[in-house]
Enquirer: 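Please see the structure below; I have some questions.
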Number of protein chains: 2
Amino acid sequence: MAQASEELRRDGWPEQTAVRIAWCYYGLGMTQQEIAAKLGINRVRVNRLLAEARRRGIVRISITSKLAENVDLEERLKERFGLAEAEVVLSLTDDETELAEVLGAAACEPLTRHFRDGATIGVGWGVTLKAFAEAMPETPLQDVAVVAMLGSLTRRSSIDAFEAATTLSARLHAECFHLPGPILCDSEASRDTLVRQPMLQDVLERALRADIAVISVGGLDSGTIRRMRFVDEAEFQDVLAAGAIGNFLGHYIDDDAAVIDHPVNRRVIGVKPEDLANIPHRFMISGGPNKVRALAAILRRRLLTGIVTDQQTARALLV
Amino acid sequence: MAQASEELRRDGWPEQTAVRIAWCYYGLGMTQQEIAAKLGINRVRVNRLLAEARRRGIVRISITSKLAENVDLEERLKERFGLAEAEVVLSLTDDETELAEVLGAAACEPLTRHFRDGATIGVGWGVTLKAFAEAMPETPLQDVAVVAMLGSLTRRSSIDAFEAATTLSARLHAECFHLPGPILCDSEASRDTLVRQPMLQDVLERALRADIAVISVGGLDSGTIRRMRFVDEAEFQDVLAAGAIGNFLGHYIDDDAAVIDHPVNRRVIGVKPEDLANIPHRFMISGGPNKVRALAAILRRRLLTGIVTDQQTARALLV
DNA sequence: CTTGCGAATGAACAAATGTTATGACACGTT
DNA sequence: AACGTGTCATAACATTTGTTCATTCGCAAG
């Protein structure tokens, strides 16, 4: 079959063999021992390749049946907030990172339906979106553009829009555009200067013409926001006093999901929440107790067309 | 949560619990022991429910990465036979039944894209189609009609069109229509009488207006055809002599995929191969050495828009 | 040629999983 | 109340899986 010799060419891991093993194991229900014998290799190797295949998302396990309760929550979310799509997953973890991974994985299916040849996809920031991008199966599409809707964090971080956009674009074989600037500038003036740069203008405009936006929201006491600290404590307290309940597309918003009139919000490089309305599909991937308030505000404002969240959050949103 | 008391209402198996277990096991990577402890039940029970969940297709495991060779074969099939879609799966089994299951499972994904609210779906017969229907995940759709394109076998058999249609319609929450008559009548006259029945006419016409047809093909020496024996040996030899190479929608066809001019073909109740052309999407699910010849004929005649087959068959078709 | 390196192997073991037998318990039936 | 009947818990066991470690193999650099 002349594959064995070639299959290492890419990055030194024998995908061909791994796929074959995965197929035998999961598809045909053979035991690892049998597979090892059949392919003439060691069982340990079979075991390792199998684990690696799962880790890399080549083997993917999904649970199709939903709990009646989740279906019910989905319907109520759609009804209540005028959404076209809603996906509620079981929340069986309290770990923020784990929840992000679960939500990210769950978002793949509904979003894949929107990712088609020629589409432009706007991407926000956050651990959840990063997890989503990682969980996305490799789907080769034609002429797709993935556009970051926000600037980067100063230090490259796995949670910024750039990272999520990069990963997602790789999965879709798409072109990736990012906003070459900090998510938050040091002054309004420098933001204005930066935003006037043709390069930036270009990407911003492209983002505004996106067919679908994949976004998230940050609660104020979330680990992420804390860790970032892109505003200093004094300023943070100041925005808080001004009524901030969360961070949406880099902007601090209040209980009406309105961008708070505060200097810090005029230093943001990125798509403004109010500009979202021009994007036909607006998908939120988010969950967790600390995000409920901000989520509720955004939903009430009908800023979204779709949401992926967990059971607990869904319940809280529907109170 | 008040589920535990209700969850047995349907068919005596605790789907709620099973889904929860599956979620913990596959989604969160917990061990069966841990899950048992967490849910306060027995480990044996956890194990059994998990197995049952897999068996029922609630947990489904898919392999996303394809072998380069398969992708290549798909492209060549599309190119060569003017198909819109092609799916080639690894063939690692020689067992006819197993192959049918593998193909059936593989067909779900490409076909789901065609199953939408309001669609009419025509269904043929065979083990493969039956396997496909079984493998189909439960997808609640609106106003979908599943129509059998062929009459039934005299004894209800798990391979006839009726069975496949019934199962599929259940999965899609669709209405099911079947042709109330034998796939093969005892004489041309009785076929004509039967086909003139309004009930039958109705279903036949409905089948002709289908949006998508899901069909298969029988090789002449396939176990299925043998086992069925709806024609007696003499007649079988006769059709064979007339050039029959396979059975397509109940009709014996020759190497040009033309319905052989033979009495037996005038006793069939069902959609005629030539009527297929009116159906916009025509999907073949089939594979195995004994079907290659018939498949090749059908493909050459451009009767299909999509195919799901295995590697070996694909290779044979492309010679 | 030998030395060193990394990768694959085989043996060995602990952990997890799948399977079976047995007994307790609840439930309708007679 | 006695009697099936079926479900579930418990325990025990065989198999499979995941991991570790010392060893061997292949091969390229010295």
Enquirer: Dump the pairs, protein N or O against N or O of nucleotides 17-21 of chain D, anything under 3.5 Å, distances to one decimal.
Expert:
{"unit_1": "D:dT17", "atom_1": "OP1", "unit_2": "A:Tyr25", "atom_2": "OH", "d": "2.8"}
{"unit_1": "D:dT17", "atom_1": "OP2", "unit_2": "A:Thr31", "atom_2": "OG1", "d": "2.7"}
{"unit_1": "D:dT17", "atom_1": "OP2", "unit_2": "A:Gln32", "atom_2": "N", "d": "3.0"}
{"unit_1": "D:dG18", "atom_1": "OP2", "unit_2": "A:Gln32", "atom_2": "NE2", "d": "2.7"}
{"unit_1": "D:dG18", "atom_1": "OP2", "unit_2": "A:Asn47", "atom_2": "ND2", "d": "2.9"}
{"unit_1": "D:dG18", "atom_1": "N7", "unit_2": "A:Arg43", "atom_2": "NH1", "d": "3.4"}
{"unit_1": "D:dG18", "atom_1": "O6", "unit_2": "A:Arg43", "atom_2": "NH2", "d": "2.8"}

Enquirer: Side chains of B:Thr167 and B:Met136, heavy atoms from C-beta outward: is any pair under 4.5 Å?
Expert: no
Enquirer: Check for a donor-acceptor pair, side chain of A:Thr309 on one end and backbone N or O of A:Ser286 on the other, with a separation under 3.5 Å.
Expert: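 It does hold such a pair.
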Enquirer: Going by ring-ring contact (aromatic ring centres under 6.0 Å, His included), name the residues that satisfy it together with B:Phe283, two or more places apart in sequence or in a different chain.
Expert: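 Once residues adjacent in sequence are excluded, the partners of B:Phe283 under the ring-ring contact (aromatic ring centres under 6.0 Å, His included) criterion are B:His114.
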Enquirer: Can you check whether B:Ala314's main-chain N or O pairs, donor with acceptor, with B:Arg76's side chain at less than 3.5 Å?
Expert: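 It does not hold such a pair.
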Enquirer: Taking heavy atoms of chain B and a 4.0 Å limit, find me the 5'-most and 3'-most nucleotide of DNA chain C within that range.
Expert: C:dA16 to C:dT20
Enquirer: Any heavy-atom pair between the side chains of B:Ile21 and B:Ile41 that's under 4.5 Å?
Expert: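 Answer yes - side chains close enough.
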Enquirer: Side chains of A:Tyr26 and B:Arg54 only: does a donor on one sit below 3.5 Å from an acceptor on the other?
Expert: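 On atom types as modelled, these side chains do not qualify, holding no pair under 3.5 Å.
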Enquirer: Is there a side-chain contact between B:Thr166 and B:His178, using heavy atoms and a 4.5 Å cut-off?
Expert: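 Heavy-atom side-chain distance check fails, nothing below 4.5 Å.
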